[in-house]
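The structure is given below, and queries will be raised subsequently.
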Amino acid sequence: MTHGFFRAAARAALALSAVFGGFCASTPALAQGKEIRIAHVYSRTGPLEAYGRQTQTGLLMGLDYATGGTMMVAGRKLVVIEKDDQGKPDVGKSLLATAYGDDKADIAVGPSSSGVALALLPVAEEYRKILLVEPAVADSITGDKWNKYIFRTGRNSSQDAISNAVALDRPGTVIATLAQDYAFGRDGVKAFKDAIKKAKVVHEEFLPTTTTDFTAGAQRLIDKLKDQPGRKVIFIIWAGAGNPFKIADLDLKRHGIEIATGGNILPAMAAYKALPGMEGATYYYFGIPKNPVNEWLVSNHYKQFKAPPDFFTAGGMSAAIAIVEALKRTGGDTTTGKLIKAMEGLSFETPKGRMTFRPEDHQAMQSMYHFKIKVDPAFAWGVPELVREIKPEEMAIPIRNKR
């Protein structure tokens, strides 16, 4: 990774202060005019606060990028209304109803939590308004709980699972899973098991999302794996608080057990420094994709925040670009039927490269990245070095919505 990667790729300077100033919510009466109102329901506070705040930053930067700094599409001003769901499904449900009903939002983005997302899906259907899901992951969002108003730029559990299977699914490998006991964890494990064809999954360990002491769960995992022949792996699916990688302190190497996991936000990847050589697959890492959109994001994020963009910053930007591209197709018309028609099959360039909304379930097909962790003293986290890009066409992502 070179310093040259981080230099500005865009010619226009980013003026985020001006952009942020244009995002104040105005009264519903004004919304009937030329404004296009975008509600962002996300975890500004709560267990997934870090994810939510990154998504919000990415959304604002993405709208700025996609509109060339004008915050206008077809002569209409874009306005973002922020809603803090606190990571609570009932709160999120109420906020989305308020956004669609009282605030007259034309489209909504979010949320951070899969549990909240499942509560929001019927609200979008009730109000017949689009909900662009970013970054909630559970397969059921675009699976059995889906409705036609739901689109998703974020990756789903199957995309996580199938890409991680690329790294782990080998003959003679025995795997136990460790995940959180809610939609994100359970859908993730199911998708992972479905993707595994050559290796063998011998145990599933689900722990509460509030877990801080992983000793008991780890011991159960060790007991299931320690006497197994071949390569032994604990595959971790975890989000938010708690550090499941503490189980490495239990001397897993004594039993020949490895840890594997997908990507995460940079603070969480500090734990990866203790696991050099660990393999997995990630949705995004700022140093991996080589394309103009990512170069713009990295350069301008450094200018504004003196730090690289993170996992969910890229997701927020992708959602913003999708919205602007759809609105360009409709000429700024926010009629739901026209937006759905514009978005089904829509391809758009993101920090990860090209994404395409699959018409059948509105899931964005996208690349994932097989990595191996390298320890670099210049970084506070384990650096995921690219092994190879896994293209959308290489992953047989199942359609689970029975449409």
Side-chain angles (χ1 to χ4, degrees), residues 14 16 19-20 22-23 36-46 48-67 69 71 73 78-85 87 92 96 99 105 107-114 116-117 120 130-137 141 150-156 239-240 263-267 282-286 289 291 293-305 307-327 343 348-353 355 357 363-364 366:
L14 177 68
L16 274 180
V19 174
F20 282 29
F23 282 75
I36 296 174
R37 298 169 70 78
I38 304 165
H40 188 201
V41 182
Y42 70 105
S43 292
R44 187 177 176 86
T45 59
L48 301 183
E49 174 184 340
Y51 298 3
R53 289 179 178 270
Q54 287 178 21
T55 308
Q56 174 71 359
T57 296
L59 183 69
L60 300 184
M61 293 184 75
L63 292 173
D64 179 63
Y65 171 84
T67 63
M71 290 305 299
V73 177
L78 303 181
V79 175
V80 172
I81 308 161
E82 294 187 43
K83 303 283 187 181
D84 178 14
D85 62 37
L96 184 60
I107 191 168
V109 179
S112 311
S113 160
S114 291
V116 176
L120 300 191
I130 286 174
L131 171 63
L132 179 55
V133 176
E134 175 64 54
V137 177
I141 294 165
I150 307 306
F151 286 79
R152 173 159 53 186
T153 45
R155 88 282 187 203
N156 66 14
N264 210 321
I265 61 174
L266 299 178
T282 188
Y283 165 81
Y284 177 80
Y285 177 71
F286 70 94
N291 63 68
V293 184
N294 193 49
E295 289 170 4
W296 185 96
L297 173 60
V298 173
S299 172
N300 286 288
H301 199 279
Y302 263 97
K303 285 179 184 176
Q304 178 68 17
F305 301 104
D310 212 338
F311 206 80
F312 298 105
T313 320
M317 185 172 186
S318 298
I321 292 169
I323 289 170
V324 172
E325 290 305 309
L327 288 168
M343 293 173 74
F348 48 100
E349 298 301 325
T350 78
K352 297 183 59 183
M355 289 188 187
F357 285 126
Q363 173 63 48
Q366 56 195 278

*Indicate the atoms forming the closest heavy-atom contact of Thr153 with Ala322, along with that distance.*
CG2-CB, 4.0 Å
_Exam field: side chain Glu49 to backbone Ser43, donor-acceptor pair closer than 3.5 Å_ = no
_Nearest 0.5 Å, please: how far is OG1 in Thr313 from CG in Leu297?_
7.0 Å
_Under 3.5 Å donor-acceptor, Lys352 side chain and Tyr283 backbone_ = yes
_Euclidean distance, Met355 CE relative to Gln363 CD, rounded to 0.5 Å_ =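 Spacing of CD (Gln363) from CE (Met355) equals 9.0 Å.
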*Are Met317 and Val293 close enough that some pair of their side-chain heavy atoms sits under 4.5 Å apart?*
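Yes, side chains in contact.
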*Test item: Asp84 side-chain N/O and Thr45 main-chain N/O as donor-acceptor pair under 3.5 Å*: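 Confirmed, Asp84 side chain pairs with Thr45 backbone.
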*asked:* By the definition side chain to side chain contact (heavy atoms under 4.5 Å, CB included), identify the one residue from Val133, Val41, Ile141 that meets it with Leu120.
replied: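 When side chain to side chain contact (heavy atoms under 4.5 Å, CB included) is applied between Leu120 and each of Val133, Val41, Ile141, only Val41 qualifies.
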*With distance as the sole test, does Ser299 use its side chain to make a donor-acceptor pair with the main-chain N or O of Glu295 at under 3.5 Å?*
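Between the backbone of Glu295 and the side chain of Ser299 there is no qualifying donor-acceptor contact (under 3.5 Å).
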_Taking every non-hydrogen atom, the tightest pair across Arg44 and Glu82_ =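 Heavy atoms of Arg44 and Glu82 come nearest at NH1-OE1, 2.9 Å.
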*What distance do Glu134 atom CD and Phe312 atom CZ have between them, rounded to the nearest 0.5 Å?*
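If we round to the nearest 0.5 Å, Glu134:CD and Phe312:CZ are 8.0 Å apart.
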*Using atom types as modelled and distance alone, determine if a side-chain donor or acceptor of His40 lies under 3.5 Å from a backbone N or O of Gly110.*
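Judged by distance alone, no pair lies under 3.5 Å.
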_For the student: nearest non-hydrogen atoms of Ser318 and Pro351, plus distance_ = OG-CD, 3.6 Å
*asked:* Is there a side-chain contact between Glu349 and Ile321 in this structure, where contact means two heavy atoms from C-beta onward sitting under 4.5 Å apart?
replied: no
*Hey, could you give me the CD1/CG distance between Ile265 and Asp310, rounded to the nearest 0.5 Å?*
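Interatomic distance, Ile265 CD1 to Asp310 CG, rounded to 0.5 Å: 6.0 Å.
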*About how many Å separate CD1 of Ile107 and CG of Leu327, when rounded to the nearest 0.5 Å?*
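Here the interatomic distance stands at 6.5 Å.
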_Looking at Val137, is its backbone amide N or carbonyl O close enough to the side chain of Arg152 to form a donor-acceptor pair, meaning the two atoms are under 3.5 Å apart?_
yes
*Taking side chain as C-beta onward, heavy atoms only, is Leu78 less than 4.5 Å from Val324?*
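Yes. Closest side-chain heavy atoms under 4.5 Å.
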*Separation of Leu132 CG from Met343 CE (nearest 0.5 Å)*: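 Here the rounded value is 5.0 Å.
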_Whether the side chain of Arg37 engages the backbone of Ala99 through a donor-acceptor N/O pair (distance < 3.5 Å, no angle test) should be reported._
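No; judged by distance alone, with no hydrogens or angles, the pair does not exist.
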*Mind checking side chain to side chain donor-acceptor pair (under 3.5 Å) for Tyr284 and listing every partner two or more places apart, or none if nothing turns up?*
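Testing Tyr284 for side chain to side chain donor-acceptor pair (under 3.5 Å), a comparison that skips the adjacent residues, returns Asn294.
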*Does Leu96 reach the side chain of Pro111, with side-chain heavy atoms less than 4.5 Å apart?*
no
_Which residue is it: Asp64, Leu63, Thr57? I am looking for the one with a side chain to side chain contact (heavy atoms under 4.5 Å, CB included) to Met61._
Thr57
*Parallel, tilted or perpendicular: which fits the ring planes of Phe357 and Phe151, with parallel below 30° and perpendicular above 60°?*
perpendicular
*Does Tyr42 reach the side chain of Thr55, with side-chain heavy atoms less than 4.5 Å apart?*
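No. Closest side-chain heavy atoms not under 4.5 Å.
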*If you take all heavy atoms of Pro308 and Leu266, which pair is closest and at what distance?*
CG-CD1, 3.8 Å
